[in-house]
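See below for the structure under consideration.
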Amino acid sequence: MLLQLEVFTRSQAARLKRRRAACLSSVGIIRRLLNPASSRRARQKTSSCSNSGSNGKDNMKPRVRFAPSPTGALHIGGARTALFNWLFARHHGGVFILRIEDTDLERSTKEFEQSILDGMRWLGMDWDEGPFYQTQRMDLYREHVQKLLDEGKAYPCTCTPEELEAKRAQALAEGRKPKYDGTCRNRPAQPGKPAAIRFRAPVEGSVSFHDICRGTITFENRELDDLIIARSDGSPTYNFTVVVDDVTMAITHVIRGDDHINNTPRQVLLYEALGYPVPEFAHLPMIHGSDRKKLSKRHGAASVTEYREMGYLPEAVVNYLARLGWSCGDREIFSRDELIKAFDLSAVGSAPSIFDFEKLGWVNAQHMAKNTDDEIAAMTEPFLKAMSLDAGDRAYAARALATERERARNFKELAEISAFYFRDVIEIDPKATEKWLRGDNAKRLDTIKNRLALQDDWSEQALAKLFESALSEFGCKMLELAQPVRVSLTGSTASPGIYEVLSILGKERALKRIEAALQSVR
RNA sequence: GACCCCAUCGUCUAGCGGUUAGGACACCGCCCUUUCACGGCGGCAGCACGGGUUCGAGUCCCGUUGGGGUCGCCA
């Protein structure tokens, strides 16, 4: 066997330590022996690596990366992964790298890439290096493949995809785990035939790795097979590029979704075959939809841009996402800086969590409450515009929105419930009409309209006085007077205080609306 | 099917051998109130099950059940 099965084991002590010790552990950084394209990378610090292991020097700043593939928009689950990487880097004063894994030429698009970048920026996750593109690093991968080939740690495989697929189907049908059967492993090269390159994986023993969220995870090598590291067209595959990239970018901590746990043993084997130290891993629990399945488009808003469109604050989304899988005592609301300060990978749980829109709404409302009226107006304006409403008068908008802001959980909602302030003609809810604009209610409305017409001071205090005296004259309850007015002014039975609404709308518009309401039931 | 991961209120979670099992969202009630909210107070609700270990188990171990993930010349 070419590979000494040097398994990455950890001592008991290290295991016990894992919950507590934040994660600046162990992994030494490898010397950057390859020289990649980007000039920026040339400036990066390099260091020769001590061997890995928990006794290594920890003076190295952590380097982490987020590596999305531009085959879809930035998913909310991906955003959470990015966030934990970003938070970890910022907390420890480390480096956050963005890498675009665009080797799937078929499905990768510039648009998706752009939307991922936009999403990252919107959420305020800035990166220190990159974006790097795998498609620009092909020479690097080729060199590594060649190295393994030269050392006999990889071999060409001429099995056709059809043959492979047939064997896979058969294995599955027989209830076996589909694995490559090693047909080409010891077969002499077949010149002329298109060949993929497979990694010659050990068949005995086991491979273990340390996971910050879960402790030590072990796989039996017999469960693994000889994975393809380069396709027959020469392009490298994911499990290979990720190792080469993480090594050459000197990544110290690989923080990613736990759907990658099953890839990790293969990658560890690759690190070892290549003679590189293994980084620290942290596999984050997934985010599920309400059906407890991996969150996807089917569960409603899946991409982060949709949250922007729904009027959520980026810091609220970040806050909510951070609290999914991570907690900090009883604390719920955090600003971005507070998150950076408090974040601790070792406090991340290991059970999957369900995305809860209700709670996100509450968190968003908490963050909205921190904004001034003017900021609220500025942020609501685009949503008003989207409804073809004119919110050009900022002072007016600020005053109007101030009366509604506490009733909304996001800006879209705020725009919707505040629309009556910005419309010329309002629509009245038919049920409200029946209940509050008929009979005695209409009479009272007519009378108060006439009183209001004679009133010049439309301050809230003055209006209150006017209503109070009218009340004692009519001998009715406030409710019986306020609701008809409210309905005629806003179209709804629920609104801010009636004096506020009256005062903000102003005499002319208010009277016009009351008159229109009266007309409609006549 | 095989392998891997996971398991405290409906949901997010605290808990790291001794707690009346704590907080938050949601829900319900009361207060505030001209409506709806906000806010305040209170309430409902949880350790999946079975074995161990221990004086003592939500906490440690094993098993069962349940859920999820992965088994590509996708990433």
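Naming convention: chains lettered A, B, ... in sequence-line order (proteins, then strands); numbering from 1 in each chain. Note that the structure is predicted; figures quoted are calculated from it, not measured.
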- prompt: Between the side-chain atoms of A:Ser353 and the base atoms of B:rC12, is any donor-acceptor pair under 3.5 Å?
  reply: no
- prompt: Looking at RNA chain B, which of residues 476-496 of chain A put a heavy atom within less than 4.0 Å of it?
  reply: A:Met478, A:Leu479, A:Ala482, A:Gln483, A:Arg486, A:Thr493, A:Ala494, A:Ser495, A:Pro496
message: Counting distance alone, no hydrogens or angles: does the base of B:rG1 have a donor or acceptor under 3.5 Å from a partner atom on the side chain of A:Glu174?
response: no
- prompt: To the nearest Å, how far apart are A:Leu172 CG and B:rU70 C1'?
  reply: 12 Å
Nearest-Å distance once atom C1' is located in both B:rC55 and B:rG63: 26 Å
- prompt: Any side-chain N or O of A:Arg444 less than 4.0 Å from the OP1 or OP2 oxygen of B:rU34?
  reply: no
message: Given B:rA26, B:rC38, B:rA7, identify the nucleotide with an atom nearest to the side chain of A:Arg409.
response: B:rA26
- request: Using the C1' atom on both, measure B:rU53 against B:rC60 and round to a whole Å.
  value: 8 Å
field: A:Lys449, NZ: over 12 other non-hydrogen atoms inside 6.0 angstrom
entry: yes
- prompt: Shortest non-hydrogen contact from A:Leu224 to A:Lys179?
  reply: O-CE, 3.3 Å
query: Rounding to the closest angstrom, what is the interatomic distance between B:rG15 and B:rU8 at atom C1'?
result: 9 Å
- prompt: Separation of A:Asn364 atom CG from B:rA26 atom P, in whole Å?
  reply: 13 Å
message: Distance check, C1' atoms only: B:rA57 and B:rC5, in whole angstrom units.
response: 24 Å
